[in-house]
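The analysis underlying the following values was restricted to heavy atoms, covering all of them including side chains, and did not include hydrogens, waters or symmetry mates. For the single chain, residues carry numbers from 1 onward in sequence order.
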Amino acid sequence: MMTIRRIVVVISFIVVIALGLLAFYVFRPPEAASGPLEAVPLALPTTAPLAQPTAAPATTVVAEATTTSVSPTTATAPVLQLFAIDQSRSEARFLIDEVLRGQPVTVVGVTNQVAGQIALDPNVPTAAQVGVIQINARTLATDNEFRNRAIKNAILRTNQFELITFTPRAINGLPDKVTIGVPFEFTIEGDLTITDVTRPVTFTVTVTPVSQTEISGVAKTAVLYRDFNLIIPDSPSVDTVADEVRLELEFVATLVG
């Protein structure tokens, strides 16, 4: 009888220690961002093809007047201008649905630590290019600090994988001309890397040319978190979690220089 009791005590002790270590791993304070997030430089070609390139192009802006538009010019090669995402006016976010204590909720994680560059020619929208888009996963925040720690420590492992990146490969649907103040839509195909897993995704992008020096827009897609080998830890308070995660980038980009 004493032997069985001792075995039960030892097993209980081991379980308590294991649960304590697991709780520490999940809820320990994660590392802060290693520094300000800077865009990967987008090299501007001295000349660019008049046809739409296979490398990721992006948005474009036109003349100052809001009632006029500019048609593409075929006589000369595009002259690309460099725009950069303004972090103070931009936001990357994820949204995932779950049932929390019997109530449906949408968890939203946000950060303004997003960086990227865009090259545009006001006269040749189809020649535009998009550089690598980076998000600092260590700065993502929801409305709950314990959830934040679980996301960073156990799901995204941000101590090891600080950045989430999207590398554009191709664009579809850019218009031949655009008008100041009039939004237009297109898609960007590329490779999304979360932790150490890369998968192809397609973003639907809506862009509004604000002026010759500024554009704004939003890019959206949806992915299955299991496709990126992400594991969401079980929680007694969470009944179910949706398989799909919605990803959004709401941005303002301004002319560099």
Side-chain angles (χ1 to χ4, degrees), residues 37-92 114-135 165-193 200-221 247-257:
L37 185 60
E38 297 183 357
V40 176
L42 179 59
L44 298 182
T46 54
T47 60
L50 294 178
Q52 182 168 305
T54 56
T59 57
T60 186
V61 292
V62 294
E64 289 287 356
T66 59
T67 58
T68 61
S69 61
V70 176
S71 299
T73 301
T74 58
T76 60
V79 179
L80 298 176
Q81 297 176 307
L82 193 63
F83 287 68
I85 291 177
D86 182 349
Q87 294 182 10
S88 68
R89 295 188 288 167
S90 301
E91 180 179 275
V114 54
Q117 295 185 339
I118 305 166
L120 312 172
D121 183 335
N123 298 308
V124 190
T126 54
Q129 300 177 23
V130 174
V132 175
I133 305 297
Q134 293 185 315
I135 298 168
T165 62
F166 176 70
T167 304
R169 298 299 180 194
I171 191 168
N172 297 296
L174 276 176
D176 292 330
K177 60 182 180 179
V178 297
T179 302
I180 293 289
V182 178
F184 59 94
E185 186 175 292
F186 56 95
T187 61
I188 296 181
E189 301 173 14
D191 297 324
L192 179 64
T193 300
V201 300
T202 300
F203 279 88
T204 299
V205 187
T206 302
V207 164
T208 300
V210 178
S211 69
Q212 286 186 319
T213 61
E214 182 178 305
I215 61 174
S216 65
V218 59
K220 298 181 179 182
T221 193
L247 306 177
E248 299 179 356
L249 171 58
E250 190 170 353
F251 66 92
V252 173
T254 55
L255 185 65
V256 175

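- Distance OG1/Thr206 to CD/Glu185: 4.0 Å, rounded to 0.5 Å.
- At least one donor-acceptor pair under 3.5 Å links the side chain of Ser211 to the backbone N or O of Thr213.
- To the nearest 0.5 Å, atoms CD (Gln81) and CG (Leu44) are separated by 9.5 Å.
- Contact between Phe184 and Leu174 at its shortest, heavy atoms only, is CE1-CD2, 4.0 Å.
- Within the model, atoms CD of Gln129 and CD1 of Ile171 stand 10.5 Å from one another, a figure rounded to the nearest 0.5 Å.
- Considering all non-hydrogen atoms of both residues, Pro78 and Ala127 come closest at CG-CB, 3.5 Å.
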*Yes or no on side-chain contact (heavy atoms from CB on, under 4.5 Å) for Val114 and Gln134, after CA distance, side-chain angles and deciding distance?*
CA-CA 6 Å; Val114 54; Gln134 293 185 315; over 6 Å; no

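- Evaluation of the side-chain hydrogen bond (donor to acceptor under 3.5 Å, both in side chains) rule for Thr193 yields Thr198 as partners, not counting sequence neighbours.
- Atom CD1 of residue Ile188 and atom OG1 of residue Thr167 lie 12.0 Å apart, to the nearest 0.5 angstrom.
- You'll find the side chain of Thr221 stays beyond 4.5 Å of the side chain of Glu248, heavy atoms only.
- A salt bridge does not link Glu250 to Lys220: none of the charged nitrogens lies less than 4.0 Å from a carboxylate oxygen.
- With a 4.5 Å cut-off on side-chain heavy atoms, Val218 and Val205 do not count as touching.
- Listed by chain and residue number, Arg93 satisfy the salt bridge (charged side-chain N to carboxylate O under 4.0 Å, His left out) test with Glu91 (two or more places apart in sequence, or in another chain).
- Of all heavy-atom pairs spanning Pro200 and Asp191, the tightest one is CA-OD1, 4.0 Å.
- Glu38 and Ala115 get closest at one heavy-atom pair: C-CB, 3.8 Å.
- Between Phe186 and Val207, the shortest heavy-atom contact is CE2-CG2, 3.9 Å.
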*Should Ile85 and Ile133 be marked as a side-chain contact (heavy atoms from CB on, under 4.5 Å) after you check the CA-CA gap, both sets of side-chain angles, and the distance that decides it?*
CA-CA 9 Å; Ile85 291 177; Ile133 305 297; 4.1 Å; yes

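- Residues Ser216 and Val252 approach most closely at CB-CG2, 4.2 Å, considering heavy atoms.
- Proximity of a side-chain donor or acceptor of Gln87 to a complementary backbone N or O of Leu37 within less than 3.5 Å is detected.
- We find the OG1-CD1 distance between Thr165 and Ile135 to be 9.0 Å, quoted to the nearest 0.5 Å.
- The side-chain heavy atoms of Ile215 and Val210, taken from C-beta on, include no pair separated by under 4.5 Å.
- With rounding to the nearest 0.5 angstrom, the CG atom of Leu247 is 5.5 Å from the CZ atom of Phe203.
- For Val79, the side chain to side chain contact (heavy atoms under 4.5 Å, CB included) partners at least two apart in sequence or on another chain are Asp121.
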